[in-house]
S.K.: 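Attaching a single structure in structure tokens format; questions to follow.
Numbers for residues simply follow the sequence, beginning at 1.
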Amino acid sequence: MANMRYSVTQAAVGTLFTWIESGDIAIPEIQRPFVWDAVKVRNLLDSLFQGFPVGYLITWRNPDVKLKDGTVSAGRRILIDGQQRVTALMAALLGREVINKSYKRVRLRIAFHPGRRQFEVSNSAIQKDAAWIPDIAAVFDPQTSLFDLVNAYCDRNPGTSRDEVFRSIEALRGITANQIGLIELDHDLDIETVTEIFIRVNSEGVPLSQADFAMSKIAVNETYGGNMLRKAIDYFCHLAVAPEFFDTVQADREFARGEFFPHLSWLRQENDDLYDPSYTDMLRVAFTSEFRRGRLEELVALLSGRNFETRQYEEAIVEESFAKLKNGILRFMNETHFKRFLMIIRSAGFVDSSMISSQNTLNFAYILYLTLRDARIPDADIERYVRRWFIMSILTGRYSGAPETAIDYDIRQIQEQGIATYAENVIHAELSDTFWESLLPQLMTTSVASSPYFRVFQAAQVKMNDRGFLSQDISVRDLIEVKSDLHHIFPRHFLKSHGMSRGQYNQIANYAVTQSEINIAIGSKEPGVYFRELREQCQGGPRRYGNITDLDMLRENLRAHCIPEGVEEMTVEDYPAFLAERRKLMARKIRRYFESL
């Protein structure tokens with residue numbers, strides 16, 4: 001029987017809060033996005049109140065690290081499972097604000113009905129109902145007198161029993177004395193074992209990532225400024241989404257006096273949302289560009305002082321790793337780097353965040369940009385390499401399946417072979433004639449409007465300055481930036497009336513970016529009807545669809561949108577052949593676009 005590598009104890013909720021306040025146990029700061037909804041918080045409190053088990057928290061002390069004088073040092077506890085539960089308790093009982101997924105600062109107010117001994121998410125109706133305590137944080141406020149609270153409640157609710165209300169609220173306060181199971185992993189466990197435990201315990205529920213693990217490691221190490229580095233990452237991600245958060249960042253006086261503040265102040269006036277990185281994105285880009293490694297679990301090991309050769313933990317490696325990561329984060333945040341990188345992405349035709357189908361593809365493009373700058377590659381060459389690698393990665397789904405493996409492999413090969421040789425070999429192999437002529441048209445047999453292939457086709461149209469479908473003056477770029485309509489060339493209702501399913505009529509080869517008024521005017525007419533009317537419009541007839549009144553201009557517009565010739569004669573029986581031909585034309589346009597980058 002294997003020896004147990006952990007100990008199991010019980011800790012009261014109130015004791016847990018004390019540990020957190022004293023810094024003995026590290027959890028993500030309240031500034032981090034909180035992913036639970038309020039109902040889940042209510043259910044957690046109800047389980048504690050009823051004396052039901054709420055699972056275990058799992059902690060791990062940093063491994064013993066060799067110091068320069070030969071002695072060893074054990075670090076603070078890191079909470080590797082249970083972060084959401086602890087944050088939920090602090091938000092509901094202590095009244096702490098949390099940041100939701102949209103980086104909005106919110107208060108989670110949980111109400112309590114003393115008579116029913118029932119919890120509910122607070123709402124406007126509850127706040128008007130005197131029978132409810134609308135926010136239980138008031139009950140746990142150290143300044144609150146239980147005697148005054150009960151009297152005030154009974155005054156608002158005549159006929160209630162003071163003794164009964166007192167016992168009910170006293171039982172509510174007793175939540176902080178309730179026990180939560182605490183599993184503490186042995187401090188001498190190696191990184192690989194803890195990582196395996198970390199992955200297994202987070203296989204259910206709201207999973208934590210290696211980035212969460214790394215962020216906890218960063219936060220607990222104040223010796224090398226991890227606490228400020230952690231804030232810099234969180235603040236940058238928050239400001240990228242919500243520039244108005246700048247006043248709150250500036251109010252953090254300790255941070256505002258530090259070295260990171262000037263490097264993110266430019267975000268207060270930045271409203272570009274093409275690339276709004278999460279802390280995972282920032283860590284991945286900073287780590288890979290600086291360490292030339294792609295797996296975030298290796299960042300966790302390095303921040304712990306892991307020597308991969310001796311399998312020992314050394315203080316010198318901790319110090320070096322924090323210094324390198326800090327440099328990578330500062331380079332990520334650099335205004336010039338960030339804006340020049342986005343300029344390159346926009347120059348490839350990707351002008352709106354809706355066109356980005358893979359965040360990891362964008363992350364690696366930034367990794368490549370920073371890596372090539374380090375290598376002192378000429379700016380014009382950097383732009384070309386980044387654009388081409390970015391488009392190739394989207395078309396092939398290079399970072400979709402196992403992104404860390406692909407990122408790790410690519411950065412090592414670029415380091416060993418150089419970008420010119422490696423990029424040429426990969427692109428030649430991945431984007432062969434067979435890919436362009438056979439595979440890509442086949443891949444475009446999909447009904448998903450957010451398909452990466454359709455997004456690249458749109459980027460090609462932006463890059464080539466195409467006009468919108470049947471538009472004389474308004475460009476595809478203009479339409480994408482104002483969230484235009486996707487027109488069905490064979491109208492959806494027309495195909496539905498002939499018995500076709502959603503998957504058939506919503507094919508991306510049936511889509512074209514157009515103005516809303518043109519889309520509405522066409523309605524459900526079959527192509528044979530509205531294209532004949534377009535020809536009449538170009539020969540002096542009434543204007544029904546846009547402002548194109550010249551046949552040559554109409555033909556050019558249809559070519560730009562890869563509309564097969566003879567569409568004006570097509571009926572519903574021709575629809576499958578139309579799709580097949582248009583996919584080929586779209587693939588050829590994408591190829592011309594790629595080869596021009």
Side-chain angles (χ1 to χ4, degrees), residues 274 343-357 383 387-388 390-391 394-395 436 440-441 443-444 446 449-491 507-522 527 530-531 534-535 537-538 543-568 578-579 581-597:
L274 189 63
M343 180 181 66
I344 294 171
I345 299 302
R346 287 185 181 281
S347 72
F350 287 79
V351 295
D352 189 83
S353 59
S354 66
M355 302 175 71
I356 307 296
S357 57
E383 293 174 16
R387 277 194 296 262
R388 288 168 63 83
F390 179 64
I391 303 305
I394 293 174
L395 290 173
W436 293 117
L440 183 55
L443 291 171
M444 287 194 288
T446 176
S450 59
S451 159
Y453 317 112
F454 187 61
R455 296 308 191 199
V456 174
F457 177 72
Q458 288 181 308
Q461 290 196 291
V462 171
K463 181 71 173 175
M464 296 177 179
N465 201 29
D466 291 341
R467 306 294 97 178
F469 180 63
L470 305 184
S471 294
Q472 180 181 24
D473 302 304
I474 299 177
S475 69
V476 170
R477 178 183 186 135
D478 294 333
L479 291 170
I480 289 174
E481 289 181 334
V482 298
K483 306 296 186 285
S484 60
D485 284 3
L486 279 181
H487 169 65
H488 291 69
I489 299 166
F490 274 71
Q507 287 289 305
I508 63 172
N510 194 30
Y511 291 147
V513 178
T514 191
Q515 296 171 240
S516 296
E517 56 269 30
I518 294 175
N519 193 24
I520 293 169
I522 292 172
Y530 75 83
F531 274 106
L534 274 165
R535 283 187 172 276
Q537 176 175 311
C538 293
R543 294 189 185 185
R544 294 186 174 92
Y545 315 110
N547 292 317
I548 295 179
T549 56
D550 178 82
L551 278 175
D552 288 338
M553 187 178 294
L554 175 61
R555 293 189 190 99
E556 177 57 32
N557 185 269
L558 298 184
R559 279 195 296 270
H561 286 270
C562 299
I563 309 297
E565 293 183 3
V567 67
E568 67 275 7
F578 163 82
L579 292 177
E581 180 61 21
R582 188 165 186 242
R583 290 182 191 115
K584 292 178 183 178
L585 295 174
M586 292 169 73
R588 289 170 189 165
K589 184 181 183 88
I590 293 173
R591 183 176 190 175
R592 291 195 303 274
Y593 152 76
F594 179 79
E595 291 175 348
S596 72
L597 295 174

S.K.: Using only atom types and a distance under 3.5 Å, with no angle test, would you say the side chain of N557 pairs donor to acceptor with the backbone of L470?
M.R.: yes
S.K.: So, using side chain to side chain contact (heavy atoms under 4.5 Å, CB included) as the criterion, who are the partners of A587 when residues are at least two apart?
M.R.: L440, P441, M444
S.K.: Not counting sequence neighbours, which residues clear salt bridge (Lys or Arg N to Asp or Glu O under 4.0 Å) with D473? List them please.
M.R.: none
S.K.: For C562, check side chain to side chain contact (heavy atoms under 4.5 Å, CB included) against everything at least two apart and list the hits.
M.R.: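 C562: side chain to side chain contact (heavy atoms under 4.5 Å, CB included) contacts with F457, R582, L585, M586, K589.
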S.K.: What residues, two or more places apart in sequence or in another chain, satisfy side-chain hydrogen bond (donor to acceptor under 3.5 Å, both in side chains) together with Q515?
M.R.: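 Checked Q515 against side-chain hydrogen bond (donor to acceptor under 3.5 Å, both in side chains); matches are S471, E517.
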S.K.: Considering the options L597, L395, I356, which one meets the side chain to side chain contact (heavy atoms under 4.5 Å, CB included) requirement together with F390?
M.R.: I356
S.K.: Report the residues that fulfil salt bridge (Lys or Arg N to Asp or Glu O under 4.0 Å) with K463, sequence neighbours left out, ordered by chain and then residue number.
M.R.: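 Scan of K463 (salt bridge (Lys or Arg N to Asp or Glu O under 4.0 Å), adjacent residues dropped) gives none.
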S.K.: Mind checking the CG-CZ spacing from D466 to R559? Nearest 0.5 Å is all I need.
M.R.: 11.5 Å
S.K.: What is the distance from atom CZ of F469 to atom CD1 of I522, rounded to the nearest 0.5 Å?
M.R.: 5.5 Å
S.K.: When you measure from the side chain of H561 to the backbone of V513, do you find a donor-acceptor pair of N or O atoms at a distance under 3.5 Å?
M.R.: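 Not a single qualifying donor-acceptor pair exists.
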S.K.: Ignoring hydrogens and angles, state whether a donor on the side chain of N519 or H487 is under 3.5 Å from an acceptor on the partner side chain.
M.R.: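 On atom types as modelled, these side chains qualify, holding a pair under 3.5 Å.
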S.K.: Let me confirm one number: the CZ-OG distance from R387 to S347, rounded to the nearest 0.5 Å.
M.R.: 4.0 Å
S.K.: Would you compute the distance between atom OG of S596 and atom CZ of R388 and round it to the nearest 0.5 angstrom?
M.R.: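 S596 OG to R388 CZ: 9.0 Å, rounded to 0.5 Å.
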S.K.: Has the side chain of N510 got a donor or acceptor atom that lies under 3.5 Å from a matching backbone atom of I489?
M.R.: yes
S.K.: Heavy atoms only: give me the nearest H488-Y530 pair and the separation to one decimal.
M.R.: O-OH, 4.4 Å
S.K.: Could I get the full list of side-chain hydrogen bond (donor to acceptor under 3.5 Å, both in side chains) partners for S516, not counting sequence neighbours?
M.R.: D485
S.K.: Indicate the atoms forming the closest heavy-atom contact of V567 with F578, along with that distance.
M.R.: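 Looks like CG2-CE1, 4.3 Å.
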S.K.: Can you list the residues that meet the side-chain hydrogen bond (donor to acceptor under 3.5 Å, both in side chains) rule with R592, with sequence neighbours excluded?
M.R.: none
S.K.: Who are the salt bridge (Lys or Arg N to Asp or Glu O under 4.0 Å) partners of R535, not counting sequence neighbours?
M.R.: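 Scan of R535 (salt bridge (Lys or Arg N to Asp or Glu O under 4.0 Å), adjacent residues dropped) gives E568.
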S.K.: Just how far is it from atom CD1 of I518 to atom OH of Y545, taken to the nearest 0.5 Å?
M.R.: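 The CD1 atom of I518 sits 10.5 Å away from the OH atom of Y545.
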S.K.: List the residues meeting side-chain hydrogen bond (donor to acceptor under 3.5 Å, both in side chains) with D478, not counting sequence neighbours, and say none if there are none.
M.R.: S475
S.K.: Mind checking what makes salt bridge (Lys or Arg N to Asp or Glu O under 4.0 Å) contact with R583, not counting sequence neighbours?
M.R.: none
S.K.: Under the 3.5 angstrom rule, does the side chain of Q537 hit a backbone N or O of I548 as a donor-acceptor pair?
M.R.: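 Yes; judged by distance alone, with no hydrogens or angles, the pair exists.
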S.K.: Tell me every residue that passes side chain to side chain contact (heavy atoms under 4.5 Å, CB included) with P452, counting only those two or more places apart in sequence or in another chain.
M.R.: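 P452 satisfies side chain to side chain contact (heavy atoms under 4.5 Å, CB included) with S357, I394 only.
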S.K.: Report, as yes or no, whether the 6.0 Å neighbourhood of atom CD on E565 holds more than 12 heavy atoms from other residues, nucleotides or ligands.
M.R.: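 Incorrect, the count does not exceed 12.
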S.K.: Going from CD on Q461 to CD1 on I590, what distance comes out if it is rounded to the nearest 0.5 angstrom?
M.R.: 9.5 Å
S.K.: List in chain and number order the residues that pass side chain to side chain contact (heavy atoms under 4.5 Å, CB included) with A449, two or more places apart in sequence or in another chain; answer none if no residue qualifies.
M.R.: L486, Y511
